[in-house]
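Residue numbering restarts at 1 for every chain, and letters A, B, ... go by the order of the sequence lines.
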Protein chains: 2
Amino acid sequence: MGTESGSDLSPSLGNVLFDVWLAARATTALVDDAVRASGLNADEFAVYSVLAATDGMAPSDLARWMSAPATTVSSYIGRFTRRGHVRRVPNPEDGRSYLVQLTEAGRAAHLDAGRGFLPLLDEVTRRLGPDADEMHERLAVLHRILAGAADSSPEAGPPSEGHA
Amino acid sequence: MGTESGSDLSPSLGNVLFDVWLAARATTALVDDAVRASGLNADEFAVYSVLAATDGMAPSDLARWMSAPATTVSSYIGRFTRRGHVRRVPNPEDGRSYLVQLTEAGRAAHLDAGRGFLPLLDEVTRRLGPDADEMHERLAVLHRILAGAADSSPEAGPPSEGHA
DNA sequence: GGACGATACTGCGATCTCGCACTATCGTGA
DNA sequence: TCACGATAGTGCGAGATCGCAGTATCGTCC
């Protein structure tokens, strides 16, 4: 055991993977509370946010973006559609697919949730001080690495076979 | 619009909160795959890991640690107990509570899952290179800030009342 | 030592998540 | 142009998550 430093109240298990996991649980809980009044939860707010930032994404892109299984994304879209927050438009590049777009009502809901979210983000950013940018940078790096690991992982035995 | 940099394939929405969320989704997906064969999922593996590191935690501590509602932790414990992986021992400090301990079988399951997890962790750590420690440090800081924000947040209107 | 609000846990039920199996379309090769 | 494996999306069902409401115990103030 090398760095047994922490141990204040929270056994951190001291490895990057757990660190992100723990930080994200806290983040999600916080955001859940912050946007609750809008009727969205943290995950949904995230999805509304990408949709608001792009103008139409295919379900599979959404799935890749948020590292979620296709079925989960499928039910998200169903739910959002039922709410009238999202609309499906044909995907000119692929007939099996379609694009998901936020409707006006969807944008409104997103804005509404944003009203709860922004103060929280501001507070965290403020507390982070000048490190905020650095933090963003590092998380991006980590994310890229994780995406890389996802490809090279065994998963369910993809293409190659002669590695032994 | 200031920093519209990213945009390779992944609209990052460029703020710390989304960054962690995204990184964590990727992490969870990866770990889920890595430990699947052991019968655990990423979240469960994390819980087994703290339990293995401490020798007994109260449900409420567990809940605080992983930022989960009490009911969720409650059903975790029920599930783990049913698997024979966990045992409840009386909490000498509080009669309303108890301590959750990993049984031998629980430890075995954790080790088993670890066999899938460690290669992944190694790979990520290796790719992170010398930045790994720094990363850990920063995530710890962020986590601390988030924990702080959780207290000072409105939540459901805790103590004070005369603010309007 | 009793009253009483705060805190620890749990049963229940509504809703969400996601693996499996299936259909539709794409893209490549002959 | 047709065959065929790969890829996009979905219905379904099992199980997981978590809010609400309820019980037990604690701590504190009279």
> Mind checking whether Val89(A) and Arg87(A) have side chains closer than 4.5 Å, heavy atoms only?
Replying inline: yes
> Roughly, in whole Å, what's the span from CZ in Arg79(B) to P in dC18(D)?
Replying inline: 11 Å
> If you check the Arg96(B) side chain, which of dT7(C), dG9(D), dT10(C) turns out closest?
Replying inline: dT7(C)
> Below 4.0 angstrom from OP1 or OP2 of dC18(C), is there any side-chain N or O of Tyr76(A)?
Replying inline: no
>> At 4.0 Å (heavy atoms only), tell me whether Ala68(A) reaches a base, stays on the sugar-phosphate, or touches nothing.
In response: nothing
> Which of these nucleotides, dG9(D), dA16(D), dA8(C), is closest to any side-chain atom of Ser97(A)?
Replying inline: dG9(D)
>> Closest-nucleotide mapping onto DNA chain D: is Arg36(A) or Ser60(A) further toward the 5' terminus? I mean the 5' end.
In response: Ser60(A)
> On DNA chain D, nearest-nucleotide positions of Ile77(A) versus Arg25(A): which is more 5'?
Replying inline: Ile77(A)
>> Nearest whole Å is fine: how far is dA8(C) C1' from Leu62(B) CG?
In response: 13 Å
>> Base, sugar-phosphate or nothing for Thr72(B)? Non-hydrogen atoms, less than 4.0 Å.
In response: base
>> Could you go through Thr27(B) and Leu146(A), starting from their C-alpha distance and side-chain angles, then the distance that decides it, and tell me whether this counts as side chain to side chain contact (heavy atoms under 4.5 Å, CB included)?
In response: CA-CA 7 Å; Thr27(B) 301; Leu146(A) 292 169; 3.3 Å; yes
> So, is Arg88(A) close to the dT10(D) phosphate, meaning a side-chain N or O under 4.0 Å from OP1 or OP2?
Replying inline: yes
> Nearest-Å distance, CG (Asn41(B)) to C1' (dG15(D))?
Replying inline: 11 Å
>> Just the rounded figure in Å: distance from C1' of dT7(D) to OH of Tyr98(A).
In response: 15 Å
> Choosing from dT10(D), dC16(C), dT10(C), which nucleotide comes nearest the side chain of Ser74(B)?
Replying inline: dT10(C)
> Is a salt bridge present between Arg83(B) and Glu44(B), judged by a nitrogen-to-oxygen distance below 4.0 Å?
Replying inline: yes
>> Suppose we call a contact any N or O donor and acceptor under 3.5 Å apart; does that hold for the side chain of Thr71(B) and the base of dG19(D)?
In response: yes
>> Just to be sure I understand the rule, does Asn91(A) reach a base, reach only the sugar-phosphate, or reach nothing, if contact means heavy atoms closer than 4.0 Å?
In response: nothing
> Hey, what's the ring geometry for Tyr48(B) with Phe80(B), parallel, tilted or perpendicular (30° and 60° as the breaks)?
Replying inline: perpendicular
> So, Asp19(B) and Arg138(A), do they make that salt bridge, N to O below 4.0 Å?
Replying inline: no
